[in-house]
There are 2 protein chains.
Amino acid sequence: MIDPANILRTHDLKHTKQRVRVLEEIALDTAAISQPELEKKLGKEIDRVTLYRILNTYEDKGILHRIMDMNGTANYAICSASCTEHHHHDEHVHFNCTTCSKIYCLEVNVPRIKMPQGFTATTVTSTAYGVCEKCNSSAVH
Amino acid sequence: MIDPANILRTHDLKHTKQRVRVLEEIALDTAAISQPELEKKLGKEIDRVTLYRILNTYEDKGILHRIMDMNGTANYAICSASCTEHHHHDEHVHFNCTTCSKIYCLEVNVPRIKMPQGFTATTVTSTAYGVCEKCNSSAVH
DNA sequence: ACTTTTTTGCAATGAAATTGCATTTACTAA
DNA sequence: TTAGTAAATGCAATTTCATTGCAAAAAAGT
């Protein structure tokens with residue numbers, strides 16, 4: 001499990017109950033959580049604006065990474081240890097469930113892709129659309 | 001080059017000057033064009049709302065595909081011939097230039113990725129971030 | 001040219017995100 | 001422990017972006 005207090009300390013961020021709550025909430029599920037969902041869950045405790053600001057600083061610091069879904073909605077997941085303030089190592093596959101619309105960060109590396117002449121890639125991300133484990137197993141047989 | 005009139009005819013869409021203009025504008029560049037850019041270019045001729053509607057019907061019909069960039073902004077590119085009303089064959093690599101922020105559809109297939117147990121993927125997309133051909137060649141040497 | 005159906009433009013509405021500022025909270029050092 | 005200061009939060013206002021309803025205009029067929 002994650003340790004919010006420790007994460008804040010190692011990133012030189014002040015310890016506030018709002019920041020802790022955001023991390024706790026995101027850590028609850030292995031799937032990424034969308035900004036609207038977060039707002040729904042935390043809206044009573046944390047102001048809308050504050051939530052935006054916390055998510056932004058977390059992204060800047062390399063604590064969370066932001067995954068855009070098909071609708072342009074931001075989803076957030078906790079970064080792996082290799083993410084730093086200056087570079088997100090986000091080169092795994094994002095699985096976008098078309099049933100529950102959750103996004104999972106899969107522990108699968110994105111294969112190397114050969115770029116055409118002139119194009120130099122620094123990062124490659126991959127998104128798969130389909131049905132996730134949970135939705136598959138709860139489907140009618 | 002593309003033939004707007006023909007595209008509209010084959011998709012059972014009425015021929016209007018606004019629809020033709022949108023297709024013309026998008027066909028100008030090999031790169032995808034963002035909704036805000038389109039709006040800037042066509043805003044004088046076409047109403048904002050009409051533009052939204054045209055882009056939506058084009059997407060529904062499989063004429064354009066929509067690519068979300070990092071900021072959640074929609075970008076549009078003309079679909080390859082294999083796209084149909086019911087399924088977009090969008091399985092090529094999208095190159096997102098971090099300098100000019102244009103998006104290119106590369107003629108490179110998305111590599112096959114093995115999904116973890118329980119996850120079934122129907123579509124996989126791949127996005128590369130880096131510097132495009134044009135920006136590379138215009139860079140200071 | 002007339003009629004029907006669809007598309008367009010405008011106004012209004014709704015939703016999402018950002019900014020400025022006063023208040024509150026966390027941290028530091030006495 | 002407490003005072004001081006730097007930062008974070010909450011609120012109000014604003015801006016930006018997208019959608020809806022409806023009347024007017026335009027397209028296609030007869």
Side-chain angles (χ1 to χ4, degrees), chain A residues 3-26 32-61 63-64 66-76 85 101 103, chain B residues 3-26 32-61 63-76 85 101:
Chain A
D3 176 1
N6 185 46
I7 290 176
L8 292 173
R9 204 174 319 114
T10 58
H11 287 89
D12 282 310
L13 291 172
K14 292 202 191 311
H15 180 115
T16 70
K17 68 172 192 297
Q18 293 88 339
R19 285 181 175 165
V20 171
R21 285 294 292 120
V22 170
L23 285 178
E24 282 174 353
E25 204 58 45
I26 293 179
I33 185 168
S34 70
Q35 197 278 334
E37 273 182 286
L38 267 175
E39 200 176 312
K40 209 163 56 185
K41 287 193 169 183
L42 298 173
K44 292 275 158 61
E45 313 171 46
I46 304 179
D47 184 77
R48 198 178 156 56
V49 178
T50 304
L51 181 57
Y52 279 117
R53 288 195 272 231
I54 289 176
L55 292 173
N56 283 336
T57 59
Y58 281 176
E59 199 197 350
D60 289 348
K61 290 281 185 177
I63 297 171
L64 296 181
R66 196 186 59 187
I67 309 150
M68 282 293 170
D69 64 21
M70 271 190 295
N71 307 311
T73 306
N75 290 65
Y76 293 90
E85 178 158 2
S101 74
I103 295 179
Chain B
D3 175 0
N6 185 47
I7 290 176
L8 292 173
R9 206 175 317 116
T10 59
H11 287 88
D12 282 308
L13 291 172
K14 294 204 189 309
H15 180 115
T16 71
K17 67 171 192 300
Q18 293 89 337
R19 284 180 174 164
V20 172
R21 285 294 293 120
V22 170
L23 284 177
E24 283 174 353
E25 203 57 46
I26 293 179
I33 185 167
S34 70
Q35 198 279 335
E37 273 182 286
L38 267 175
E39 201 177 312
K40 208 163 58 184
K41 286 192 170 183
L42 298 172
K44 293 275 158 59
E45 314 171 44
I46 304 177
D47 184 78
R48 197 180 156 58
V49 178
T50 304
L51 181 56
Y52 278 116
R53 288 194 272 229
I54 290 177
L55 292 172
N56 283 336
T57 59
Y58 282 176
E59 199 197 349
D60 289 349
K61 290 281 185 177
I63 297 171
L64 296 181
H65 60 254
R66 197 186 58 187
I67 309 150
M68 281 291 170
D69 64 20
M70 272 188 294
N71 307 310
T73 306
N75 290 65
Y76 293 91
E85 179 158 0
S101 74

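In what follows, chains are A, B, ... by sequence order, proteins preceding strands, each numbered from 1. Keep in mind that the numbers below use all heavy atoms, side chains included, and drop hydrogens, waters and symmetry copies.
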Report the C-alpha distance between I26(B) and L55(B) in whole Å, list the side-chain angles of each, state the deciding distance to 0.1 Å, and finish with yes or no for side-chain contact (heavy atoms from CB on, under 4.5 Å).
-> CA-CA 11 Å; I26(B) 293 179; L55(B) 292 172; 4.3 Å; yes
Taking atom P of dT9(D) as reference, at what distance in whole Å does atom CG of L51(A) sit?
-> 10 Å
Short side-chain to backbone donor-acceptor contact, D69(A) and N71(A), under 3.5 Å | yes
Spacing of K61(B) atom NZ and H11(B) atom NE2 [to the nearest 0.5 Å] = 7.5 Å
Please list, in 5' to 3' order, the outermost nucleotides of DNA chain C lying under 4.0 Å from any heavy atom of chain A.
-> dA16(C) to dC27(C)
For the helix from dA1(C)-dT30(D) to dA30(C)-dT1(D), measure the angle between the helix axis at one end and the axis at the other, each built from five pairs, rounding to 10°.
-> 40°
Kindly indicate whether the side chain of E39(B), heavy atoms from C-beta on, has any atom under 4.5 Å from the side chain of R48(B).
-> yes
Integer-rounded Å distance: dC17(D) P and N71(B) CG = 11 Å
Salt bridge or not for E37(B) and K40(B), using N-O below 4.0 Å?
-> no
Should Q18(B) and V22(B) count as side-chain neighbours, where that means a heavy-atom distance under 4.5 Å?
-> no
NE2 of H11(A) versus P of dA7(D): gap in Å, rounded?
-> 19 Å
OG1/T73(A) to CE/M68(A) distance, rounded to the nearest 0.5 angstrom?
-> 8.0 Å
With sugar-phosphate meaning primed atoms plus P, OP1 and OP2, does E39(B) contact a base, only sugar-phosphate, or nothing at under 4.0 Å between heavy atoms?
-> nothing
To the nearest Å, how far apart are N75(B) CG and dC17(D) P?
-> 14 Å
Report yes or no: does T10(B) contribute a side-chain atom to a donor-acceptor pair with the main-chain N or O of N6(B) at less than 3.5 Å?
-> yes
Hey, does the side chain of R66(A) reach the backbone of M70(B) with a donor-acceptor pair shorter than 3.5 angstrom?
-> yes
Could you check if a side-chain atom of Q35(B) sits within less than 4.5 angstrom of a side-chain atom of L51(B), using non-hydrogen atoms only?
-> yes
Under 3.5 Å donor-acceptor, R19(B) side chain and Y58(B) backbone = no
Reading 5' to 3' through nucleotides 19-30 of chain D, protein heavy-atom contacts under 4.0 Å coded B for base, S for sugar-phosphate only, - for none | BBB-----SS--
